[in-house]
Trainee: 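One structure, as structure tokens, below. Some questions next.
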Amino acid sequence: MSTTGIALLGATGSIGETAQRVVARHPDRFRFTAMTAHGNREALAAAVARWQPSLVGLVNGGRAAPLPAGWCAGRECLVQAATQPEAAIVLNAVVGAAGLEATLAAVGAGKRVALANKESLVVGGALVQRAARASGGEVIPVDSEHSALLQCLAGRVGGTGPGLLPVAGVRRFIITASGGPFRTWEAERIRAARLEDALKHPTWSMGRKITVDSASLANKALEVIEAHVLFGVPYDRIEVVVHPQSIVHSMVEFEDGSVIAQMGVPSMELPVLYALGYPDRVEDTGVPRFDPVATSPLTFESVRHDAFPTLGLGIAAGMKGGAAPAVFNAANEAAVARFLEGSLTFSGIAAAIELALGRLADRSGNDLDALLAADAAARSLVQEYRAP
Ligand code: NAD
Ligand code: MG
């Protein structure tokens, strides 16, 4: 059997490293044909030495030293990797709206996109869908909740409904959220939370941006929009429930009232492997086995919307449509970057997003240029934002 070529965008990140661990166990099935990173050339060079991809891209190589022979530089290398003929699968593990162009290019080239970069679908869901319809490309989610939904829906996806993976017969999606490090904190204490508190995620080890998003629940807002774009299920049928153990990764309620949940230990290796092998399951023993007794009890709680205003802001932006989801995403990215560098408080993230949505949510999002303009406008508003 010949191996399937994978272009790995964001090879040096948390998901990029997870993907390397998974593929290392299945050299008979998969190989990396392209790898990209943003600025960490040492980590990229180490991955390249190990996997010998034929295309290597460093988006921001700096000017200090020339790049190794054959490496490409600049944002264009993402699109080059995403459309590389040798790659059948593009695993997009870039963080932020910076991944959108590559997702569009890969889908447009007829590839399978194994998508960790949820921001692609939040910002440009309609464009990705249009590109997929025109070219036969497909998007298979890597995000654990959406992988769970897809697994619950097994065999029912397809047809002509709305969404990238249209599905019928669903009454409700129940998306789980760990609740993050501030799940039990009083609202007042959350508002003044420090960076080191926000970076202490109770159940997942991830990149810094998504870790802060998990603390504010912005991540869950992005995921609700992602679920809507992927499966075409209306927003009023998508619910979020807090599940601190991160064992149930999401649930689907069907029209007859039955509910199917997908469970497993919290490891991104499982959804990465599922997205690469879909619709098949690849035999694998790399992840610790699920032990129902050791993981019990499994508990569920309502979301405290008053303490986590970002979730409601994001869902409202998704429902509004047009450029609003792109504005929400860009404002969040810019605000989180400021929180990470220490120039914005934790409560400032929601406040800055609210300001940007208030000014920009009515913009149209008909094409990529309009979306990128809304994205840029939101970033500059948040950059200039000063807390009252
Ligand atoms: P990370 O910060 O650990 O890694 C990001 C990767 O993208 C790095 O390789 C970096 O070099 C590259 N990158 C960053 N900015 C870039 C840019 N402007 N252009 C090109 N490349 C760039 O992030 P992560 O935690 O691996 O998350 C990656 C994506 O996967 C995010 O969209 C995140 O929401 C999603 N995701 C992550 C997890 C997780 O467990 N880490 C789970 C679900 C979804
Ligand atoms: Mg997730």
Side-chain angles (χ1 to χ4, degrees), residues 7-22 34-48 56-62 72-82 91-103 113-123 141-150 175-180 199 201 203-214 217-227 230 240 243 246 248-250 262 266-272 274-275 329-330 332-333 336-337 340 375 379:
L8 178 58
L9 315 185
T12 55
S14 165
I15 293 288
E17 287 181 352
T18 300
Q20 293 183 55
R21 283 198 300 279
V22 169
M35 286 181 150
T36 74
H38 185 248
N40 187 341
R41 71 161 73 194
E42 289 74 26
L44 183 61
V48 166
V56 182
L58 192 64
V59 172
N60 183 5
C72 62
R75 273 171 49 197
E76 311 80 61
C77 70
L78 292 179
V79 169
Q80 238 175 294
L91 176 36
N92 188 346
V94 169
V95 60
L100 172 60
E101 229 184 321
T103 297
V113 180
L115 188 72
N117 179 247
K118 64 191 89 187
E119 295 92 343
S120 286
L121 295 188
V122 171
V123 177
V142 166
D143 216 349
S144 58
E145 295 77 2
H146 307 75
S147 178
L149 295 170
L150 183 60
I175 296 180
T176 55
S178 72
L199 290 178
H201 197 277
T203 49
W204 298 96
S205 158
M206 310 179 285
R208 282 155 65 94
K209 188 257 179 185
I210 184 176
T211 302
V212 174
D213 286 354
S214 301
L217 298 196
N219 182 53
K220 221 36 67 173
L222 298 173
E223 292 185 351
V224 167
I225 300 171
E226 180 186 11
L230 270 173
V240 176
H243 168 50
S246 298
V248 174
H249 299 306
S250 281
Q262 190 268 336
S267 164
M268 289 306 294
E269 294 184 22
L270 292 168
V272 164
Y274 189 71
N329 176 71
N332 180 56
E333 282 189 39
V336 170
L340 288 170
D375 172 292
R379 283 174 206 266

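Bear in mind the structure is a predicted one, so any value in this text is a computation, not a measurement. Remember, it's 1-based here, ligands and their atoms both numbered in the order they're listed.
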Trainee: From atom 31 (C) of ligand 1, work out which of Asn219, Thr211, Val94 has a heavy atom at the shortest distance.
Mentor: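 Ranked by closest heavy atom to atom 31 (C) of ligand 1, first place is Val94.
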Trainee: Counting each atom of ligand 1 from 1 as listed, which ones have a heavy atom of Met268 under 4.0 Å away?
Mentor: 40 (O), 42 (C), 43 (C)
Trainee: Determine whether a donor-acceptor pair (N or O, by modelled atom type, separation under 3.5 Å) exists between the side chain of Thr176 and the backbone of His249.
Mentor: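 Yes; judged by distance alone, with no hydrogens or angles, the pair exists.
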Trainee: Is any side-chain heavy atom of Glu119 closer than 4.5 Å to one of Glu333?
Mentor: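 Counting from C-beta outward, Glu333 and Glu119 do come under 4.5 Å.
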Trainee: Under 4.0 Å from ligand 1, counting heavy atoms only, is it the side chain of Ile15, its backbone, both or neither?
Mentor: both
Trainee: Look at atom 34 (O) of ligand 1 and say which protein heavy atom is nearest, naming residue and atom and giving the distance to 0.1 Å.
Mentor: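 The protein heavy atom lying closest is Lys118 CE, 3.2 Å.
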Trainee: Considering only protein heavy atoms, which is closest to atom 3 (O) of ligand 1, and at what distance to one decimal place?
Mentor: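 Heavy-atom neighbour on the protein nearest atom 3 (O) of ligand 1: Ser14 N, 2.9 Å.
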Trainee: Give the name of the N/O/S atom in Glu145 that lies closest to the Mg ion (ligand 2).
Mentor: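 Minimum-distance N/O/S atom of Glu145 relative to the Mg ion (ligand 2) is OE1.
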Trainee: At under 4.0 Å between heavy atoms, is it the side chain or the backbone of Arg75 that contacts ligand 1, or both, or neither?
Mentor: neither
Trainee: Applying a 4.0 Å heavy-atom criterion (strictly less than), which segment of Asp213 is in contact with ligand 1: side chain, backbone, both, or neither?
Mentor: neither
Trainee: Is the shortest side-chain heavy-atom distance between Met206 and Met268 below 4.5 Å?
Mentor: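 The answer is no; the side chains never approach within 4.5 Å.
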Trainee: May I ask which of Gly207, Ser120, Pro271 has a heavy atom nearer to atom 25 (O) of ligand 1 than the others do?
Mentor: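 Nearest option to atom 25 (O) of ligand 1, by heavy atoms: Gly207.
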Trainee: Atoms of ligand 1 less than 4.0 Å from Leu78 heavy atoms?
Mentor: 20 (C)
Trainee: Could you tell me whether Ser144 approaches ligand 1 through its side chain, its backbone, both or neither, with non-hydrogen atoms closer than 4.0 Å?
Mentor: neither
Trainee: Which of the atoms in ligand 1, numbered in the order shown and given with their element, are less than 4.0 Å from a heavy-atom of Asn117?
Mentor: 32 (O)
Trainee: Record the part of Thr12 in heavy-atom contact with ligand 1 below 4.0 Å; permitted values are side chain, backbone, both and neither.
Mentor: both
Trainee: Atom 43 (C) of ligand 1: which protein heavy atom is closest, and how many Å away?
Mentor: Asp143 OD1, 3.1 Å
Trainee: Just need the protein heavy atom nearest to atom 16 (C) of ligand 1, so name the residue and atom and give the distance.
Mentor: His38 CD2, 3.5 Å
Trainee: Taking atom types as modelled and ignoring hydrogens, do the side chains of Thr12 and Asn40 form a donor-acceptor contact shorter than 3.5 angstrom?
Mentor: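 There is no such pair between these side chains.
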Trainee: In this structure, are over 12 heavy atoms from other groups packed under 6.0 Å from Glu101 atom CD?
Mentor: no
Trainee: Can you tell me which residue among Ser267, Ser144, Ser214 is in a side-chain contact (heavy atoms from CB on, under 4.5 Å) with Trp204?
Mentor: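 The passing option is Ser144.
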